[in-house]
2 protein chains.
Amino acid sequence: MSPPPPDGAAAVDMETLLADAPAGHKQELRLWLRLLACANLIEGEVRRRLRLSFDTTLPRFDLLAQLERAGPEGLTLGEVSRRMMVSNGNVTGIAARLVAEGLVARRANPADRRAGALRLTPRGRREFARQSAAHEGWIAELLAGLTPADQAALHRLLGRAKSGALAAIEEASE
Amino acid sequence: MSPPPPDGAAAVDMETLLADAPAGHKQELRLWLRLLACANLIEGEVRRRLRLSFDTTLPRFDLLAQLERAGPEGLTLGEVSRRMMVSNGNVTGIAARLVAEGLVARRANPADRRAGALRLTPRGRREFARQSAAHEGWIAELLAGLTPADQAALHRLLGRAKSGALAAIEEASE
DNA sequence: CCGGAAAGATTTAGGCTTCAAACTTCCGCG
DNA sequence: CGCGGAAGTTTGAAGCCTAAATCTTTCCGG
């Protein structure tokens, strides 16, 4: 999603197309497509800037953020995977790259040799501080089209949507 | 994302964590994390159901949707890539798999041998109809936590957010 | 003490995604 | 005509992601 596909042509996304469609179609579908388009648009731009400014990726950034938040104790791989809401095996790979880059260190836990802790190295901490500051600015910039009141309202509605979806998922998997 | 990671443990996502954070942090960031969490939650569930019910994926479904909407003329690869807002090379691979599965056919264009058209096969059309009906129901179900008024308000706010983000991206790339 | 279930982590196979580099075909201009 | 750039597509390298299988270590009940 990052860059409006290499060909610089006018992007006609699915959402725009559906708006023109025969209509009559479900309102929920239109809402969902817009939500998705909106999230993908912003996420893509953030990914692009992470790559251009810091030569890194969103998953790497997210993992560093988890470790920064976790403090000096660090986190196990499993804990990181739960917090990032991604699979276990996925974290193995991302962590391996960050270790190779010297931003993250693994320390064995003598009390439980299965679970080693992941921690930021000093360099990792410095690097994340730089990235994090830029990231926060980007988000503010990308959401600047909304007034604070809009932001609050959107936050509230998304909260409802999230709980509703969670309930639906919960119910479906019984 | 899709399934609360294989380990069935309680998911503590980044958004929840940030809410607990020292506070004082930017409102935009909280909004963004919630938007992302919400979109990922729903998208993940849709992906999961597509896999379980139809043994397919979201990109495949999206590509079929584009072709269905396009009518009997079909679309070139480039046109599909623009509409799906993904890279050119990406569509090559997805289309190749759909062709191998017999849901999509390529037809050469004698007038321009570079650009062949992609079209649904009869089987592709039938299959998409099945998937599409289920998909629409899923979305309605997952968004059922919102009243129609909530949905309308959310749709409107997301429209503003999208335009604002587009403007910011536009401005940044000048 | 010991045998099996449970937990943490890794591996494997397959798919999606991007960017950048190549390739083919088309088109316009000299 | 013929050549160079533009357009459409493909390929390759790298990374992200999942589900499922596997391996190691721990824990617990008998």
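Letters go in sequence order (proteins before strands), and every chain restarts at 1.
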Legend entry - A/Glu101 vs B/Ala115, nearer the 5' end of DNA chain D by closest nucleotide: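 Checking each residue's closest nucleotide, the 5'-ward one belongs to B/Ala115.
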
Within the structure, does a side-chain N or O atom of [X] lie under 4.0 Å from either OP1 or OP2 of [N]?
X: B/Asn90; N: C/dC16; result: no
X: B/Arg51; N: D/dA19; result: yes
X: A/Arg82; N: C/dA7; result: no
X: B/Thr92; N: D/dT10; result: yes
X: B/Arg48; N: D/dC17; result: no

Once salt bridge (charged side-chain N to carboxylate O under 4.0 Å, His left out) is applied, do any residues pair with [X], and if so which ones, sequence neighbours excluded?
X: B/Arg126; value: none
X: A/Arg60; value: A/Glu101
X: A/Arg125; value: A/Glu68

Inset, instruction - Scan A/Gly116 against the nucleic acid and name what it touches under 4.0 Å (heavy atoms): base, sugar-phosphate only, or nothing. - result: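 Sugar-phosphate only.
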
Inset, instruction - Would you indicate which nucleotide in D/dT9, D/dC16, C/dT10 comes nearest to any side-chain atom of A/Arg106? - result: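 My answer, after comparing the listed nucleotides, is C/dT10.
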
Atom pair distance, as rounded to whole Å: [atom1] in [X] and [atom2] in [N]:
X: B/Arg97; N: D/dT10; atom1: CZ; atom2: P; answer: 13 Å
X: A/Asn88; N: D/dA19; atom1: CG; atom2: C1'; answer: 12 Å
X: B/Glu45; N: D/dT18; atom1: CD; atom2: C1'; answer: 15 Å
X: B/Asp62; N: C/dC16; atom1: CG; atom2: P; answer: 11 Å
X: A/Met85; N: D/dC16; atom1: CE; atom2: C1'; answer: 16 Å
X: A/Leu50; N: D/dC16; atom1: CG; atom2: P; answer: 12 Å
X: A/Ile94; N: D/dG15; atom1: CD1; atom2: C1'; answer: 9 Å
X: B/Asn40; N: D/dC16; atom1: CG; atom2: C1'; answer: 13 Å

Inset, instruction - Hey, could you give me each pair passing salt bridge (Lys or Arg N to Asp or Glu O under 4.0 Å) that has a residue in residues 138-161 of chain B? Not counting sequence neighbours. - result: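 For residues 138-161 of chain B, and leaving out neighbouring residues, the salt bridge (Lys or Arg N to Asp or Glu O under 4.0 Å) pairs sorted by first residue read A/Asp150-B/Arg160, A/Arg160-B/Asp150, B/Arg49-B/Glu141.
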
Inset, instruction - Tell me, please, which residues at least two apart from A/Ala134 pass side chain to side chain contact (heavy atoms under 4.5 Å, CB included). - result: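 Once residues adjacent in sequence are excluded, the partners of A/Ala134 under the side chain to side chain contact (heavy atoms under 4.5 Å, CB included) criterion are A/Phe54, A/Trp138.
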
Inset, instruction - With the side chain counted from C-beta on, respond yes when B/Phe61 and B/Leu58 share a heavy-atom pair under 4.5 Å apart, and no when they do not. - result: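 With C-beta onward as the side chain, the pair touches.
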
Where do N or O atoms of nucleotides 25-29 of chain C meet protein N or O atoms at under 3.5 Å, pair by pair?
unit_1, atom_1, unit_2, atom_2, d
C/dC26, OP1, B/Arg113, N, 2.8
C/dC26, OP2, B/Arg113, NH2, 3.4

Legend entry - Residue pairs fulfilling ring pair (Phe, Tyr, Trp, His ring centres under 6.0 Å) with at least one residue in residues 66-101 of chain B, sequence neighbours excluded: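 As it turns out, there is no ring pair (Phe, Tyr, Trp, His ring centres under 6.0 Å) pair with a partner in residues 66-101 of chain B once direct neighbours are skipped.
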
Under 3.5 Å donor-acceptor pairs involving side-chain atoms of residues 102-113 of chain B, not counting sequence neighbours:
unit_1, atom_1, unit_2, atom_2, d
B/Asn109, OD1, B/Ala111, N, 2.9
B/Asp112, OD1, B/Arg114, N, 2.9
B/Asp112, OD1, B/Arg114, NE, 3.1
B/Asp112, OD2, B/Arg114, NH2, 3.0

Legend entry - Gap separating the OG1 atom of A/Thr121 from the CG atom of A/Leu67, nearest 0.5 angstrom: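 A/Thr121 OG1 to A/Leu67 CG: 10.0 Å, rounded to 0.5 Å.
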
Inset, instruction - Scan residues 52-60 of chain A against DNA chain D and write down, sorted by residue number, each residue with any heavy atom closer than 4.0 Å; if none is found, say none. - result: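 Going residue by residue through residues 52-60 of chain A, the ones with a heavy atom under 4.0 Å of DNA chain D turn out to be A/Thr57, A/Pro59, A/Arg60.
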
Legend entry - For A/Arg130, side chain to side chain donor-acceptor pair (under 3.5 Å) partners two or more places apart: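 For A/Arg130 the side chain to side chain donor-acceptor pair (under 3.5 Å) partners, ignoring immediate neighbours, are A/Glu127.
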
Legend entry - side chain to side chain donor-acceptor pair (under 3.5 Å) partners for B/Gln151, two or more places apart: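 Not a single residue meets the side chain to side chain donor-acceptor pair (under 3.5 Å) criterion with B/Gln151.
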
Inset, instruction - Please round to 10 degrees the angle between the axis of the first five pairs and the axis of the last five pairs in the helix from C/dC1-D/dG30 to C/dG30-D/dC1. - result: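 Helix axis angle between the two ends: 10°.
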
Inset, instruction - Please name the pair of heavy atoms, one in A/His155 and one in B/Arg34, separated by the smallest distance, quoted to 0.1 Å. - result: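 Here A/His155 and B/Arg34 meet closest at O-NH1, 2.8 Å.
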
